[in-house]
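A short worksheet on the structure shown next.
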Amino acid sequence: MSISLTPQTRTIVKACIPALEAHGVDITREMYHRLLSDENIRDLFNISHQKNGDQPRALAYAVLAYARHIDGPTALKDMIERIAEKHVGLNILPEHYPHVGTALLGAIAHVLGEQATPEIMEAWKEAYGFLADVLINRERQIYEDHAARKGGWTGWRAFRIADRHEETADTVSFILQPVDGQPVMQHQPGQYLSFRLDIPGHGPERRNYSISSAPADDHYRITVRKQEDGVVSRWFHDDVRAGDTLDVSAPAGDFFLQSSSERPLCFISAGAGITPVMSMMEALTTRTSHPAIHFIHGTQTADNEIFARKTHGLAACGAITADLFYSQMNSLPQRTDGLNCHTGRLTPSWLKAHKDRQADFYICGPTEFMVSMIHTLREQDIPMDRIHYEMFGSASTPYLVTQA
């Protein structure tokens, strides 16, 4: 593969931008239809993202972003890193890429019909090959780093459920320890684990769950909120017990605590978005000294507040200050030192009035919440290099948010 795209390919790809804006989702939906007809490839995907349309939309936006930045792909560095980390977590290998390329090119030809001239198809073949090489090379580096780390591994490793603990009526934490009894790779606080599952009566599934504990040598903790329409989350809640084993890949993800900064830290989360944030706060508050921490969290009620005892305890001992928002409560829990409770949702106007302009911000939660918080901080001229975020689902979405 050439080390750069030809001028003709760049010109043709840019000329396709209007067609991608109009038909991008149709193309990616058709592409996934072709990919998922191959059972060997189908098992690599989170099928729930296909059912609700998230994955085709996300990929359509990513392809469009690639076309828009084809002259300067370094602008896509963050998006490429997120995709590479997702791929490593799911154990995507170089031999999988030709299947995707064939499906993508076939979908372009199918949707665009006569507009998909031989010149256009050849340009997209070259453009896809170039991007695939970038991803393959970056993923190879990550795999090699995992293999070289103490307790690290590549591929799938068997872990046993050592314990399970109910956080709320619909949220359970699971302690995972390796079956082989050897150490585990210490994760960066904020990263996630990927799971290869075989759900009885349903079949193969892949899922990512944030690690909710501080780094350790012998275990990980994940925390799963039950979704009524979620095949995997319901299975975890209803069927997974201590002693069960799961296939797990090494910690991955580019949303993690940046250890070099001494600036104040502001963690903003909603619902289950607290899980990677708790990993960060546990890691920080076990140190002899750490920057000032402001924790802002939105939940529905005190009954479904994940890690309530932990966060209230951290505030009571002065390790953090906290503002908690309860969207479905008229009366509030008892206030403790360092912790303020509010009725209603966390709003952009409240964040504008209470933000620390000198802080680094870490944000995780539902997509709409994320978009609102990120845009609010940007409107207040907080530099993007001090806004860190994780969105559940597609790896391309954060890039689109920051470019909106």
Side-chain angles (χ1 to χ4, degrees), residues 46 78 81-83 85-86 88-90 142 165 167-168 171-176 184-195 207-216 219-225 227 232-233 236 248-259 261 265-287 290-291 293-299 304-308 310-311 314 319-320 322 324 346 359-371 373-374 377 386-395 397-398 401:
N46 180 336
D78 290 345
E81 184 66 14
R82 283 184 171 87
I83 293 173
E85 290 282 351
K86 293 283 186 183
V88 167
L90 295 171
I142 299 172
H165 169 72
E167 302 289 350
T168 70
T171 306
V172 177
S173 285
F174 299 88
I175 304 298
L176 307 172
V184 299
M185 183 179 97
Q186 289 201 2
H187 67 285
Q188 297 280 3
Q191 290 188 308
Y192 53 81
L193 297 175
S194 297
F195 294 81
R207 285 295 186 278
N208 305 321
Y209 286 106
S210 296
I211 304 169
S212 60
S213 54
H219 75 278
Y220 302 111
R221 182 182 69 209
I222 63 167
T223 303
V224 181
R225 169 161 278 176
Q227 304 293 331
V232 174
S233 67
F236 264 102
V248 185
S249 65
D254 70 334
F255 175 67
F256 54 80
L257 193 62
Q258 305 297 311
S259 59
S261 175
L265 301 173
C266 181
F267 298 109
I268 306 173
S269 61
I274 193 176
T275 52
V277 168
M278 181 52 64
S279 175
M280 296 180 186
M281 292 199 298
E282 283 193 355
L284 285 165
T285 54
T286 56
R287 300 175 184 175
H290 59 78
I293 299 172
H294 186 192
F295 175 55
I296 306 171
H297 180 65
T299 188
N304 67 4
E305 181 184 346
I306 304 172
F307 299 129
K310 292 180 183 295
T311 54
L314 289 172
I320 67 172
L324 305 179
L346 170 60
D360 282 346
F361 295 85
Y362 291 82
I363 311 172
C364 189
T367 300
E368 295 79 5
F369 173 84
M370 294 284 301
V371 170
M373 296 298 103
I374 293 170
L377 294 174
R386 289 201 278 118
I387 303 175
H388 313 277
Y389 45 87
E390 173 78 297
M391 289 191 179
F392 301 127
S394 167
T397 307
V401 170

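Worth knowing before you read on, the calculation uses all heavy atoms, side chains too, and leaves out hydrogens, waters and symmetry mates. Quantities reported herein were computed from a predicted structural model and do not represent experimental measurements.
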Margin query: Using side-chain heavy atoms (C-beta onward) and a distance below 4.5 Å, is M278 in contact with M281?
Written below: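 Touching, per the 4.5 Å side-chain cut-off.
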Next item on the list: Any pair with a residue in residues 270-280 that passes salt bridge (Lys or Arg N to Asp or Glu O under 4.0 Å), sequence neighbours left out, goes on the list, sorted by first then second residue, please.
Entry: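 Not a single pair qualifies under salt bridge (Lys or Arg N to Asp or Glu O under 4.0 Å).
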Note to self: Does anything in residues 274-284 form a salt bridge (Lys or Arg N to Asp or Glu O under 4.0 Å)? List the pairs, not counting sequence neighbours.
What the structure shows: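 Of all non-adjacent pairs touching residues 274-284, those that pass salt bridge (Lys or Arg N to Asp or Glu O under 4.0 Å) are R221-E282, E282-K310.
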Item checked: Donor-acceptor pair between E167 and S173 side chains, under 3.5 angstrom ->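 The answer is yes; a qualifying pair exists.
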Notebook entry, point to check: What about Y209 and F236, are their ring centers closer than 6.0 Å?
Noted result: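 Yes: the rings meet the under 6.0 Å criterion.
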Notebook entry, point to check: Do F255 and Y389 have ring centres separated by under 6.0 Å?
Noted result: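 They do not qualify: ring centres at least 6.0 Å apart.
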Tell me if a side-chain donor or acceptor on [X] pairs with a main-chain N or O of [Y] at a distance below 3.5 Å.
| X | Y | value |
| --- | --- | --- |
| S194 | G89 | yes |
| R386 | A359 | yes |
| T275 | S212 | no |

Next item on the list: Apply the test side-chain contact (heavy atoms from CB on, under 4.5 Å) to residues Q191 and S279: give CA-CA distance (whole Å), side-chain angles for both, the deciding distance (0.1 Å), then the verdict.
Entry: CA-CA 9 Å; Q191 290 188 308; S279 175; over 6 Å; no
Note to self: Classify the ring geometry of H388 against Y362: parallel below 30°, tilted from 30° to 60°, perpendicular beyond 60°.
What the structure shows: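 Because their plane-to-plane angle is under 30°, the rings of H388 and Y362 count as parallel.
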Item checked: For R225, side chain to side chain donor-acceptor pair (under 3.5 Å) partners two or more places apart ->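 Residues passing side chain to side chain donor-acceptor pair (under 3.5 Å) with R225: T171.
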